[in-house]
Amino acid sequence: MTAQLIRALADESASVRLQAAMAAGTDPDSALLDVLIDRCRVEPDFYVRDMLTWAITRLPAAGTVPVLINELDSPIAQARSQSLHSLSKIGDHAAWPYITRDLLTDAEVEVARAAWRAAVIVVPVDERTGLAAILATQFGRGDTDVHRSLSRAFVELGSAAAPVVQAARRSSDPIVRGHAAATEQLMNDPESAFGFDVDAAKRVAALGAAADDM
(Lines give C-alpha, C1' and ligand atoms only; values in the text may rest on other atoms or scores of the structure.)
Protein backbone atom coordinates (compact mmCIF):
# COMPACT_ATOMS: atom_id res chain seq x y z
CA MET A 1 0.00 0.00 0.00
CA THR A 2 2.84 2.40 0.85
CA ALA A 3 4.53 1.88 -2.53
CA GLN A 4 1.20 2.42 -4.29
CA LEU A 5 0.60 5.61 -2.33
CA ILE A 6 4.06 6.93 -3.15
CA ARG A 7 3.43 6.35 -6.85
CA ALA A 8 0.05 8.07 -6.60
CA LEU A 9 1.61 11.15 -4.97
CA ALA A 10 3.68 11.61 -8.13
CA ASP A 11 0.88 10.82 -10.61
CA GLU A 12 0.31 13.16 -13.55
CA SER A 13 -3.28 13.77 -12.43
CA ALA A 14 -3.78 16.37 -9.69
CA SER A 15 -6.95 14.61 -8.57
CA VAL A 16 -5.03 11.35 -8.07
CA ARG A 17 -2.34 13.18 -6.12
CA LEU A 18 -5.02 14.88 -4.02
CA GLN A 19 -6.63 11.55 -3.16
CA ALA A 20 -3.23 10.11 -2.30
CA ALA A 21 -2.42 12.99 0.04
CA MET A 22 -5.82 12.61 1.66
CA ALA A 23 -5.18 8.90 2.16
CA ALA A 24 -1.80 9.68 3.73
CA GLY A 25 -3.47 11.95 6.26
CA THR A 26 -6.41 9.66 6.92
CA ASP A 27 -4.10 6.81 7.89
CA PRO A 28 -0.97 8.59 9.20
CA ASP A 29 2.32 6.74 8.82
CA SER A 30 5.56 8.38 9.93
CA ALA A 31 7.39 6.30 7.34
CA LEU A 32 5.84 8.58 4.71
CA LEU A 33 7.12 11.84 6.20
CA ASP A 34 10.12 12.21 3.90
CA VAL A 35 7.97 11.39 0.88
CA LEU A 36 5.41 14.03 1.86
CA ILE A 37 8.13 16.61 2.46
CA ASP A 38 9.76 15.80 -0.87
CA ARG A 39 6.44 16.21 -2.65
CA CYS A 40 5.81 19.58 -0.99
CA ARG A 41 8.94 20.93 -2.68
CA VAL A 42 7.64 20.33 -6.20
CA GLU A 43 3.84 19.97 -6.05
CA PRO A 44 2.34 22.52 -8.50
CA ASP A 45 -1.31 22.32 -7.39
CA PHE A 46 -2.41 24.53 -4.47
CA TYR A 47 -5.09 22.12 -3.23
CA VAL A 48 -2.73 19.16 -3.30
CA ARG A 49 -0.12 21.16 -1.40
CA ASP A 50 -2.70 22.04 1.22
CA MET A 51 -3.67 18.40 1.57
CA LEU A 52 0.00 17.43 1.88
CA THR A 53 0.30 19.93 4.72
CA TRP A 54 -2.74 18.40 6.40
CA ALA A 55 -1.21 14.93 6.06
CA ILE A 56 2.04 16.16 7.60
CA THR A 57 0.24 17.75 10.55
CA ARG A 58 -1.44 14.42 11.25
CA LEU A 59 1.94 12.91 12.11
CA PRO A 60 3.53 13.30 15.58
CA ALA A 61 4.99 16.79 15.95
CA ALA A 62 8.09 15.45 17.68
CA GLY A 63 9.12 13.85 14.41
CA THR A 64 7.80 16.37 11.90
CA VAL A 65 8.93 19.68 13.40
CA PRO A 66 12.71 19.01 13.19
CA VAL A 67 12.36 17.87 9.57
CA LEU A 68 10.30 20.94 8.68
CA ILE A 69 12.85 23.20 10.38
CA ASN A 70 15.60 21.66 8.25
CA GLU A 71 13.62 22.59 5.14
CA LEU A 72 13.76 26.28 6.06
CA ASP A 73 17.34 26.41 4.73
CA SER A 74 16.36 24.94 1.38
CA PRO A 75 17.34 26.88 -1.77
CA ILE A 76 13.90 25.92 -3.13
CA ALA A 77 11.43 28.70 -2.31
CA GLN A 78 8.43 26.38 -2.32
CA ALA A 79 10.16 24.08 0.16
CA ARG A 80 10.64 27.00 2.53
CA SER A 81 7.11 28.33 2.13
CA GLN A 82 5.43 24.93 2.50
CA SER A 83 7.47 24.07 5.58
CA LEU A 84 6.55 27.40 7.15
CA HIS A 85 2.91 26.76 6.27
CA SER A 86 3.05 23.35 7.95
CA LEU A 87 4.79 24.80 11.00
CA SER A 88 2.06 27.43 11.30
CA LYS A 89 -0.56 24.67 11.31
CA ILE A 90 1.32 22.64 13.93
CA GLY A 91 1.96 25.69 16.12
CA ASP A 92 4.95 24.22 17.95
CA HIS A 93 6.86 27.02 19.71
CA ALA A 94 10.11 25.12 19.18
CA ALA A 95 10.06 26.51 15.64
CA TRP A 96 10.34 30.14 16.74
CA PRO A 97 14.17 30.47 16.81
CA TYR A 98 14.32 29.22 13.23
CA ILE A 99 11.90 31.75 11.74
CA THR A 100 14.63 34.25 11.06
CA ARG A 101 14.69 37.81 9.77
CA ASP A 102 15.88 36.40 6.44
CA LEU A 103 12.71 34.32 6.16
CA LEU A 104 10.46 37.16 7.34
CA THR A 105 11.94 39.39 4.63
CA ASP A 106 12.55 36.66 2.04
CA ALA A 107 12.84 37.90 -1.55
CA GLU A 108 10.18 35.33 -2.50
CA VAL A 109 6.95 36.91 -1.32
CA GLU A 110 5.16 33.61 -0.69
CA VAL A 111 7.97 32.56 1.63
CA ALA A 112 7.76 35.85 3.52
CA ARG A 113 3.97 35.59 3.83
CA ALA A 114 4.23 32.06 5.17
CA ALA A 115 6.89 33.21 7.62
CA TRP A 116 4.63 36.02 8.86
CA ARG A 117 1.79 33.60 9.49
CA ALA A 118 3.99 31.09 11.28
CA ALA A 119 5.88 33.67 13.32
CA VAL A 120 2.84 35.32 14.89
CA ILE A 121 1.61 31.91 16.03
CA VAL A 122 4.81 30.68 17.69
CA VAL A 123 6.46 33.92 18.87
CA PRO A 124 6.91 34.19 22.66
CA VAL A 125 4.91 36.98 24.26
CA ASP A 126 8.03 38.94 25.25
CA GLU A 127 9.34 38.94 21.67
CA ARG A 128 6.22 40.19 19.92
CA THR A 129 7.37 43.81 19.75
CA GLY A 130 10.69 42.76 18.22
CA LEU A 131 8.85 40.67 15.64
CA ALA A 132 6.59 43.63 14.88
CA ALA A 133 9.65 45.80 14.24
CA ILE A 134 10.87 43.33 11.62
CA LEU A 135 7.44 43.04 10.04
CA ALA A 136 7.22 46.84 9.82
CA THR A 137 10.06 46.77 7.29
CA GLN A 138 7.62 45.02 4.96
CA PHE A 139 4.94 47.73 4.94
CA GLY A 140 3.96 48.56 1.38
CA ARG A 141 5.42 45.39 -0.10
CA GLY A 142 3.60 43.51 -2.84
CA ASP A 143 -0.02 43.64 -3.94
CA THR A 144 -3.26 43.97 -2.01
CA ASP A 145 -3.28 40.32 -0.91
CA VAL A 146 0.24 40.70 0.48
CA HIS A 147 -0.69 43.96 2.20
CA ARG A 148 -3.68 42.26 3.81
CA SER A 149 -1.55 39.30 4.96
CA LEU A 150 0.92 41.59 6.68
CA SER A 151 -1.82 43.60 8.34
CA ARG A 152 -3.45 40.41 9.61
CA ALA A 153 -0.11 39.42 11.13
CA PHE A 154 -0.10 42.69 13.08
CA VAL A 155 -3.66 42.01 14.23
CA GLU A 156 -2.48 38.68 15.63
CA LEU A 157 0.37 40.39 17.50
CA GLY A 158 -2.09 42.73 19.17
CA SER A 159 -1.15 45.56 21.51
CA ALA A 160 2.56 44.68 21.50
CA ALA A 161 2.69 45.81 17.88
CA ALA A 162 0.76 49.07 18.33
CA PRO A 163 3.77 51.37 18.96
CA VAL A 164 5.53 49.97 15.89
CA VAL A 165 2.50 50.59 13.68
CA GLN A 166 2.08 54.09 15.08
CA ALA A 167 5.71 54.86 14.26
CA ALA A 168 5.20 53.58 10.69
CA ARG A 169 2.30 56.00 10.30
CA ARG A 170 4.85 58.82 10.56
CA SER A 171 7.04 57.41 7.78
CA SER A 172 8.20 59.72 5.00
CA ASP A 173 7.04 57.05 2.52
CA PRO A 174 3.34 57.58 1.69
CA ILE A 175 2.87 53.91 0.82
CA VAL A 176 4.22 52.85 4.21
CA ARG A 177 2.07 55.49 5.95
CA GLY A 178 -1.05 54.33 4.14
CA HIS A 179 -0.44 50.66 4.83
CA ALA A 180 0.30 51.37 8.48
CA ALA A 181 -2.88 53.43 8.82
CA ALA A 182 -4.98 50.65 7.29
CA THR A 183 -3.27 48.16 9.60
CA GLU A 184 -4.01 50.26 12.67
CA GLN A 185 -7.68 50.44 11.68
CA LEU A 186 -7.79 46.67 11.26
CA MET A 187 -6.12 46.20 14.65
CA ASN A 188 -8.77 48.41 16.23
CA ASP A 189 -11.59 46.62 14.42
CA PRO A 190 -10.53 43.19 13.10
CA GLU A 191 -13.94 42.66 11.49
CA SER A 192 -13.67 45.80 9.35
CA ALA A 193 -12.80 45.75 5.66
CA PHE A 194 -9.16 46.19 4.72
CA GLY A 195 -8.90 49.73 3.43
CA PHE A 196 -5.44 50.28 1.95
CA ASP A 197 -5.33 51.59 -1.63
CA VAL A 198 -1.80 51.95 -3.01
CA ASP A 199 -2.90 54.03 -5.98
CA ALA A 200 -4.78 56.43 -3.72
CA ALA A 201 -1.72 56.76 -1.48
CA LYS A 202 0.42 57.55 -4.53
CA ARG A 203 -2.07 60.17 -5.74
CA VAL A 204 -2.10 61.86 -2.35
CA ALA A 205 1.70 61.90 -2.31
CA ALA A 206 1.82 63.33 -5.83
CA LEU A 207 -0.66 66.07 -4.94
CA GLY A 208 1.39 66.91 -1.86
CA ALA A 209 4.58 67.11 -3.90
CA ALA A 210 2.87 69.32 -6.48
CA ALA A 211 1.62 71.65 -3.75
CA ASP A 212 5.16 71.91 -2.34
CA ASP A 213 6.46 72.96 -5.76
CA MET A 214 3.93 75.78 -6.10
Side-chain angles (χ1 to χ4, degrees), residues 46-47 49-51 53-54 57 77-78 80-93 95-96 99-212:
F46 170 82
Y47 296 103
R49 290 199 303 271
D50 213 38
M51 192 62 72
T53 291
W54 174 72
T57 62
Q78 184 167 299
R80 301 195 301 277
S81 64
Q82 284 301 117
S83 292
L84 286 161
H85 181 55
S86 296
L87 288 168
S88 73
K89 295 297 184 183
I90 295 169
D92 191 321
H93 291 270
W96 165 245
I99 304 177
T100 61
R101 176 185 286 268
D102 285 347
L103 288 170
L104 293 165
T105 62
D106 199 286
E108 296 289 340
V109 70
E110 289 307 316
V111 176
R113 289 176 73 182
W116 303 341
R117 288 191 293 266
V120 298
I121 291 171
V122 301
V123 61
V125 172
D126 61 352
E127 297 195 48
R128 287 182 178 178
T129 301
L131 173 58
I134 298 173
L135 295 183
T137 67
Q138 303 298 287
F139 273 132
R141 178 180 181 179
D143 59 17
T144 299
D145 286 340
V146 178
H147 299 156
R148 187 182 294 109
S149 292
L150 184 63
S151 294
R152 286 293 178 190
F154 277 101
V155 171
E156 291 298 320
L157 289 175
S159 60
V164 175
V165 176
Q166 290 165 6
R169 290 198 61 181
R170 300 189 294 271
S171 171
S172 60
D173 185 329
I175 307 302
V176 171
R177 288 200 307 272
H179 192 179
T183 299
E184 187 173 64
Q185 179 177 337
L186 201 61
M187 291 172 71
N188 292 332
D189 182 8
E191 299 304 317
S192 64
F194 181 69
F196 177 48
D197 185 331
V198 173
D199 292 333
K202 288 179 178 177
R203 287 194 297 271
V204 170
L207 289 171
D212 291 340

Do you know which two heavy atoms are closest between [X] and [Y], and how far apart they sit?
| X | Y | answer |
| --- | --- | --- |
| S192 | Q185 | OG-O, 4.0 Å |
| S81 | A114 | O-CB, 3.6 Å |
| H147 | G140 | NE2-O, 3.5 Å |

Side chain to side chain, [X] and [Y], heavy atoms closer than 4.5 Å:
| X | Y | value |
| --- | --- | --- |
| W54 | D50 | no |
| V146 | L150 | no |
| R49 | Q78 | yes |
| R117 | L84 | no |
| L131 | L157 | yes |
| V123 | I99 | no |

Query raised in the report: Are E127 and W96 close enough, and set up right, to give a side chain to side chain donor-acceptor pair (under 3.5 Å), and what steps lead you there?
Result: CA-CA 10 Å; E127 297 195 48; W96 165 245; 3.2 Å; yes
Query raised in the report: For the side-chain hydrogen bond (donor to acceptor under 3.5 Å, both in side chains) test, which of R113, R141, E110 pairs with S149?
Result: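 Option passing the side-chain hydrogen bond (donor to acceptor under 3.5 Å, both in side chains) with S149: R113.
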Out of curiosity, [X] [atom1] to [Y] [atom2], how far, rounded to the nearest 0.5 Å?
| X | Y | atom1 | atom2 | result |
| --- | --- | --- | --- | --- |
| T105 | L135 | OG1 | CG | 10.0 Å |
| R177 | S172 | CZ | OG | 7.5 Å |
| T57 | D92 | OG1 | CG | 13.0 Å |

Report task. Mind running side-chain contact (heavy atoms from CB on, under 4.5 Å) on V122 and L87 for me, showing each step along the way? Result -> CA-CA 9 Å; V122 301; L87 288 168; over 6 Å; no
Query raised in the report: Among L104, L103, V111, whose side-chain contact (heavy atoms from CB on, under 4.5 Å) with W116 holds?
Result: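 It is L104; the other options fail the test.
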Requested in this report: May I have the step-by-step check of side-chain contact (heavy atoms from CB on, under 4.5 Å) for I121 and E156, ending in yes or no?
Outcome: CA-CA 8 Å; I121 291 171; E156 291 298 320; over 6 Å; no
Report task. Please work out which of the three classes, parallel, tilted or perpendicular, describes the rings of H179 and F139, given edges at 30° and 60°. Result ->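 Ring orientation, 0 to 90° scale: perpendicular.
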Query raised in the report: Do E108 and R80 meet the salt-bridge criterion of a basic N to acidic O distance under 4.0 Å?
Result: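 Judged by the 4.0 Å cut-off on N to carboxylate O distance, R80 and E108 do not form a salt bridge.
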Query raised in the report: Does the S86 side chain pair with the main chain of T53, one donor and one acceptor, at a distance under 3.5 Å?
Result: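 No.
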